[in-house]
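One-based numbering, in listed order, for ligands and for the atoms of each.
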Amino acid sequence: MAADRGIQVSRTDSAKPVPLSARAPSGPLRGEIRAPGDKSISHRALMLGGLAVGETTIHGLLEGEDVLRTAAAMRAMGAEVSRDDAGTWRVHGRGIGGLAEPADVLDMGNAGTGTRLLMGVVATHPFVSFFSGDASLRSRPMARVTKPLEQMGARFVSREGGRLPAAVIGTARPVPITYRLPVASAQVKSAIILAGLNTPGRTTVIEPEPTRDHTELMLRHFGVDVTVEPGPDGDRVSVAGQPEITGRVVRVPGDPSSAAFPIVAALLVPGSEVTIRDVGLNPRRTGIVDTLLEMGADIRVEGRRIEAGEPVGDLVVRASALRGIEVPAARAPSMIDEYLVLSVAAACAGGRTVMRGLSELRVKESDRLAAIARGLEACGVRAEVDGDDLTVHGCGGPPPGGATIATRLDHRIAMSFLVMGMAARAPVAIDDASPIETSFPGFRGLMAGLGASFQEP
Ligand code: S3P
């Protein structure tokens, strides 16, 4: 059945690892691709579709495991979610406050965004739900969302530090709060705003540093009253609770975080020219493009346009000699998922690249700060972590490579070190390529289509 086919998620903790290695291709990377749909926007489209009355149609949804977990969770709470043979997704929602108690544990796999945002959604529904996931997700801190959601009236039973598995006892009498984010996190902001949807009055989040605003943009696209006002301690993002929202058409742009892998690969493989179509260019996501441009990258943006409230364009990338720079801490929220692949670019650049303010990298799908340092050293590149700052000493050309990297259930470690293999003198292997399915299904085929060379040991 088409509806079921779109929702199957099969990879588990115990699945057999899929080792893979990449080596420098025999020629340049060339061609045109479309990056997979934006993961952040895909999660939000399914959730808002499930909270809207009537039909929401989603074009370009990311069909990666993380997003399919969210689709399955929305389905478990009563939304009708289906996919047609052309790849269009349809959600028939239950209305704000209309979700039903899920009959079983919501297994969120590797999906941190799906988990934290859904915890916000169910916090203000008067039922009990249970969340769990893979070993990586079960190790990630959830207290950052459970703390403010408790202030709104929800209760949580979890492992130490709010870690999963966790039970959420949603409140029947939610209270609106004003909450100042202690960490720059769009997930925390979004969890509170989504909880605020079924809360009377206005729920407000103060964000001292701007983070991705896909929740705000999509809520507006669905007709919700969301305001953003500058204040002395940061932007005040506020939502008016208990609106009635109706289904919409959503076009999901290509994910700039996924595009970053072919972008860096094209910059590093000599003579390459690659075009990546329909990439989301929300300025709160494009820190990686700004940074690579500062490093001397030849990246041209063509055909800028707006789709479903989000800026989109095509990127034309040509191989370039990069130089080391200093990346300020203030840029971290706009490229938080891209430091791994940026470090690969920095390893090939001339001179030192210093990246500041990376504390949040420690609580991603793995401790990415440690992973970068360890992985680069294994590939013969000098890297130092000093507090929250990372320094990479560029090789001014292809690094030695020749290592095998542990991916630790982290899709971005897997893809970053495969890109390293494309640029290095000796092949680089990863112990498990299967986590790539969480965010970039088809990565291997797409990159091979451009000329990349992968080997299964
Ligand atoms: C996301 C926010 C970021 C990012 C994650 C997706 C989102 O996490 O790392 O991949 O969709 O809101 P934080 O908000 O925890 O920084």
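Of the protein's heavy atoms, Thr113 OG1, 3.2 Å lies nearest to atom 6 (C) of ligand 1. Protein heavy atom closest to atom 11 (O) of ligand 1, with residue, atom name and distance, is Ser40 OG, 2.6 Å.
The local environment of CZ in Arg352 is sparse, with at most 12 non-hydrogen atoms from other residues, nucleotides or ligands closer than 6.0 Å. Atom CZ of Arg251 has 12 or fewer neighbouring heavy atoms from other residues, nucleotides or ligands inside a 6.0 Å radius. For CG of Asp386, the number of neighbouring non-hydrogen atoms (other residues, nucleotides, ligands) closer than 6.0 Å is 12 at most.
Geometrically, ligand 1 and Val188 share no nitrogen or oxygen pair separated by less than 3.5 Å.
Close approach of ligand 1 to Ser185 is summarised as follows: ligand atoms under 4.0 Å from at least one heavy atom of the residue are 13 (P), 14 (O), 15 (O). Near Asp337, meaning under 4.0 Å from any of its heavy atoms, are these atoms of ligand 1: 4 (C), 5 (C), 9 (O), 10 (O).
With a 4.0 Å cut-off on non-hydrogen atoms, His43 does not touch ligand 1 at all.
Taking Asp337 as the reference, Arg212, Arg368, Arg412 meet the salt bridge (Lys or Arg N to Asp or Glu O under 4.0 Å) condition, with sequence neighbours excluded. Listed by chain and number, the residues in a side-chain contact (heavy atoms from CB on, under 4.5 Å) with Ser132 are Val105, Arg138, Pro165 (sequence neighbours excluded).
When Arg44, Arg285, Lys364 are ranked by how near their heavy atoms come to atom 13 (P) of ligand 1, first place goes to Lys364.
Counting only N and O atoms by type, the side chains of Thr146 and Glu150 include no donor and acceptor under 3.5 Å apart.
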